[in-house]
There are 2 protein chains.
Amino acid sequence: MNVRPESNTSSTPPPRPADEGRTQSQRARNLSHVHPADVTLNDALTALADPVRRTIVRELAGGSDWTRACGTFDLPVTKATRSHHFAVLRQAGVIEQRDVGSRRLNRLRRPEFDAAFPGLLDLVLSERRESSHHSNTDRP
Amino acid sequence: MNVRPESNTSSTPPPRPADEGRTQSQRARNLSHVHPADVTLNDALTALADPVRRTIVRELAGGSDWTRACGTFDLPVTKATRSHHFAVLRQAGVIEQRDVGSRRLNRLRRPEFDAAFPGLLDLVLSERRESSHHSNTDRP
DNA sequence: TAAAATGTTCGACGGAGGTCGATCACCATG
DNA sequence: CATGGTGATCGACCTCCGTCGAACATTTTA
């Protein structure tokens, strides 16, 4: 899935009312969101099949909504790559973003995404943090 | 994830008894399986983030175990690519394979995979068959 | 207004992975 | 043994995508 804003190859989904007409900043006008119900399973799986993006999701679930700006995440990539990953998550309906001042705050779209893809976020949030010492409990 | 048999870069997971010592054919000795409990979430998501592989999973769930050979699937790829996709699914713990004569029969590892990744297979099996006419029911 | 902070966008690079034709290995059947 | 069927393997090709530095835009702060 292409994230570039001028990519219009896919058929445009029906528009969805997202903003409540509040005064939004200049940057906020370029913020296009996709509702999880309009996301294909392929795009949802592709978005979550990346360790950096799953880290974002996990950190986001650890705090309250609209409290984490993009720059406050502990990620092993530069801010350019970081921005790319946030865009992918946004276009996949995983997160919602809002501009506050010069910062872009994030929110995990837990209920909507759960309704569209039940159990998928739970798998990500319960993922062992790459500790590699899984216990290997009893099984035939 | 590399599927090539001689790729030994990753740390070898603890061996798991898979065969019950039955007389197996020559080809079956090169058949390495991975239990879903030993599969990372990244590999599971990556394996299912492909439309061809999800088609295999869906067709496999539509029939009984050990009734479908690799060549009997309706896929838009050549047999080389087909073989590759089956290997990816096998290494991700999604399917199990068994050689019978010159054919390789398949089985979806439903209970084991469900135990390791609850709800993930359900999402794939309930996927709208790319019909693109999703109903857009009521939501705020 | 100048400077700093926060993110996005652009172009480029490199690796990973999906795809293919050709070939090989194994099995069944004549 | 020869032939055909089934599937794996190999090498090559090509696209996608994660990554980066640099430049730009917007907002806040000094």
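Below, chain A is the first sequence line, B the second, and so on; all start at residue 1.
Of all heavy-atom pairs between A:Val39 and A:Phe117, the closest is O-CZ, 3.3 Å.
Between B:Phe86 atom CZ and D:dT6 atom P the separation is 14 Å, expressed in whole Å. Atom C1' of nucleotide D:dT28 and atom CZ of A:Arg104 are separated by 16 Å, given to the nearest angstrom. We find that CG of A:Leu45 is positioned 14 Å from P of D:dC17, with the value rounded to whole Å. In this structure, the CZ atom of A:Arg98 is 16 Å from the P atom of D:dT27, given to the nearest Å. Here the P atom of nucleotide C:dG7 and the CD1 atom of A:Ile95 are 12 Å apart, to the nearest Å. We find that CZ of B:Arg82 is positioned 16 Å from P of D:dT9, with the value rounded to whole Å. Look at CG on A:Asp99: it is 8 Å from P on C:dT8, rounded to the nearest Å. As rounded to whole Å, 14 Å separates atom P of D:dT6 from atom CZ of B:Phe73.
By the salt bridge (charged side-chain N to carboxylate O under 4.0 Å, His left out) test, A:Arg53 is found to be paired with no residue, residues two or more places apart in sequence or in another chain being considered. Residues that satisfy the side-chain contact (heavy atoms from CB on, under 4.5 Å) test with B:Ala116, not counting sequence neighbours, are B:Pro36. Taking A:Ala80 as the reference, A:Thr78 meet the side-chain contact (heavy atoms from CB on, under 4.5 Å) condition, with sequence neighbours excluded. In terms of the side-chain hydrogen bond (donor to acceptor under 3.5 Å, both in side chains) criterion, A:Ser83 has no residue partners (sequence neighbours excluded).
The side chain of A:Ser102 lies closest to C:dT6, out of C:dT6, D:dG5, D:dA8.
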Produce the list of close N/O pairs, under 3.5 Å, pairing protein atoms with atoms of nucleotides 18-22 of chain C; give distances to one decimal.
| residue | atom | partner | partner atom | Å |
| --- | --- | --- | --- | --- |
| C:dG18 | OP1 | B:Arg53 | NH2 | 3.0 |
| C:dG18 | OP2 | B:His84 | NE2 | 3.0 |
| C:dT19 | OP2 | B:His85 | NE2 | 2.5 |
| C:dC20 | OP2 | B:Thr78 | N | 2.9 |
| C:dC20 | OP2 | B:Thr78 | OG1 | 3.4 |
| C:dC20 | OP2 | B:Thr81 | OG1 | 3.3 |

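Residue pairs meeting the salt bridge (Lys or Arg N to Asp or Glu O under 4.0 Å) criterion with at least one member in residues 62-80 of chain B, sequence neighbours excluded, are B:Glu59-B:Arg68, B:Asp65-B:Arg107.
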